Amino acid sequence: MTAAGPLLLTALLACTAYTAAAARLRRRGDAWPWWRQACCWLAGTVFVAGAALPWQSWLPPFTAHMAAHLAAGMAAPLPAVLARPVTLALRALPVPGRRALLAVLHSRPAAVLAFPPVAAALDIGGLWLLYRAPLPPQTHHSPWLYVHLFAAGWLFTFAVLAVDPLRRRAGLALRAGTLLAAAAAHAVLAKTLWAAGPPGTGYAPADLRRAAPLMYYGGDVVEIALAVALACQWYRAQGRALARRSLPARRHGPGRGGVPGPVPPERTPRPLRPSDHRPRHQEASP
């Protein structure tokens, strides 16, 4: 990992820009949760550690590659997406920059890329291509590979969680189904690496036996965390729907025991009688 300078510089610039934007919101009097800023720093730390630490001096070659892959491509994107950098940029940028970013977010290519099955195909399909296509062995240790893994993992997490504004947000069922399908494809790929390494490589069987479980169980941990985040979104959505349904009953005051009372039925108009059409001076006369 001697050429990790661009990765370190990119991560530090991203964290610095995020902190400067959050500080600008606070100076303006707008609220921005501190834990989102902590997520950004955590993502930057994991990304830098996963890509720049000298894993090969501690682990066999393919296990070292898998540790960097797990940190940069799976663990780092989750806090980076939960930090909501796109929302922060929309609130902190000046008006021309905000309009340009909204134009990109609402464009058709962005909608296609953020469609969960497409994002999953780019992320998991790229992994199958990396480990099952006859690529040069040095590809597995290139620092730019980890930049690609982080970008693909961020796109997949961004599409599944959908916490930032998009042109069209996919439904929760589609996002959850995409997560299950991607988790299955990732697990199958990890099992195939247990049996045989990438084509054209000569990794030792003991090295493969350590790298494959690391990919399998490490991926499970991140996918469970994504599922928990989706479950929290579903819980909050159900709470908002329940509040909207109970709003008309609350307007008529609480009932017995604090429970909102039933909505009174609407009054039906009284049928007209012949006396309603009689002039008032005729009603007064005997």
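From a predicted model like this one, the values you see are computed outputs, not experimental measurements. Values reported hereafter were calculated over all heavy atoms of this structure, with side chains retained and with hydrogens, waters and symmetry mates removed.
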Next item on the list: Consider only side-chain heavy atoms of I, L, V, M, F, W and Y, link residues closer than 4.5 Å, and tell whether Leu101 and Val81 are in one cluster.
Entry: yes
His186 and Gly219 have their tightest heavy-atom pair at CE1-CA, 3.9 Å
Sorted by chain and residue number, the side chain to side chain contact (heavy atoms under 4.5 Å, CB included) partners of Leu172 (sequence neighbours excluded) come out as Arg175, Leu230, Gln233, Trp234
Checklist entry - Is Leu90 close to Leu105 at the side-chain level, that is, under 4.5 Å between some pair of heavy atoms? => result yes
Q. Heavy-atom distance under 4.5 Å between the side chains of Tyr217 and Val221, does that happen here?
A. no
Nearest heavy-atom contact between Pro199 and Ala133 is CD-O, 3.9 Å
Can you tell me if CZ on Arg99 sees more than 12 non-hydrogen neighbours from other groups inside 6.0 Å?
no
Distance col, row Tyr18:OH vs Arg84:CZ, nearest 0.5 angstrom, shows 9.5 Å
If you define the side chain from C-beta out and look only at heavy atoms, does anything of Tyr203 sit under 4.5 Å from Pro198? yes
One should read off an interatomic distance between Asp30 CG and Arg91 CZ, to the nearest 0.5 angstrom, of 5.0 Å
Can a donor-acceptor pair be found, under 3.5 Å and without considering hydrogens, that links the side chain of Thr19 to the backbone of Cys15? yes
Note: Pro79 and Ala75 closest approach over all heavy atoms is CD-O, 3.0 Å
Residue pair Leu208 / Trp194, side-chain heavy-atom distance below 4.5 Å
no
Is there a donor-acceptor contact under 3.5 Å from the side chain of Arg210 to the main chain of Thr63? no
Heavy-atom closest pair (Leu59 atom, Ala67 atom, distance to 0.1 Å) is CD1-CB, 4.2 Å
Interatomic distance, CG@Leu149 vs CG@Leu130, rounded to 0.5 Å, equals 6.5 Å
Would you mind reporting whether Asp207 and Met66 have side-chain heavy atoms less than 4.5 Å apart? no
Besides Leu180, the hydrophobic cluster formed by Ile, Leu, Val, Met, Phe, Trp and Tyr side chains linked at under 4.5 Å, directly or via other members, contains none
Interatomic distance, OG1@Thr157 vs CE@Met74, rounded to 0.5 Å, equals 8.0 Å
**Prompt:** In terms of hydrophobic clustering (I, L, V, M, F, W, Y; side-chain heavy atoms under 4.5 Å; direct or indirect links), are Leu193 and Leu135 co-clustered?
**Reply:** yes
Trp58, CH2 atom: more than 12 neighbouring heavy atoms under 6.0 Å: yes
### Task
Spell out, yes or no, whether Leu161 and Val86 are grouped together once hydrophobic residues are joined by side-chain heavy atoms under 4.5 Å, including indirect joins.
yes
Rounded to the nearest 0.5 Å, the CZ atom of Phe62 sits from the CG atom of Leu214 at a distance of 10.0 Å
Margin query: Strictly distance-based, threshold 3.5 Å: is any side-chain N or O of Thr178 a donor or acceptor partner for the main-chain N or O of Leu174?
Written below: yes
message: Quick one, Phe156 and Pro77 - any side-chain contact, counting heavy atoms below 4.5 Å?
response: no
Sequence neighbours excluded, the answer for side-chain hydrogen bond (donor to acceptor under 3.5 Å, both in side chains) partners of Thr87 is Asp164
Q) Under a 4.5 Å side-chain heavy-atom rule over Ile, Leu, Val, Met, Phe, Trp and Tyr, are Trp128 and Leu145 clustered together? A) yes
Find out whether Phe158 and Val163 are in side-chain contact, i.e. whether some heavy atom of one side chain is under 4.5 Å from a heavy atom of the other. no
Cluster question for you: counting only ILVMFWY and a side-chain heavy-atom cut-off of under 4.5 Å, with indirect links fine, are Trp154 and Leu122 together?
-> no
Q) Has the side chain of Arg132 got a donor or acceptor atom that lies under 3.5 Å from a matching backbone atom of Thr192? A) yes
What one should report as the nearest heavy-atom pair of Ala227 and Leu179 is N-CD2, 3.8 Å
Taken to the nearest 0.5 Å, the spacing of Leu78 CG from Glu223 CD works out to 11.5 Å
Open item on the list: Distance alone, cut at 3.5 Å: any donor-acceptor contact between the side chains of His65 and Tyr146?
Closed with: yes
Ala159 and Ala114 have their tightest heavy-atom pair at CB-O, 3.2 Å
Heavy atoms of other groups near Arg28 CZ, more than 12 under 6.0 Å:
yes
Flag, side chain of Tyr131 to backbone of Gly126, donor-acceptor distance under 3.5 Å:
no
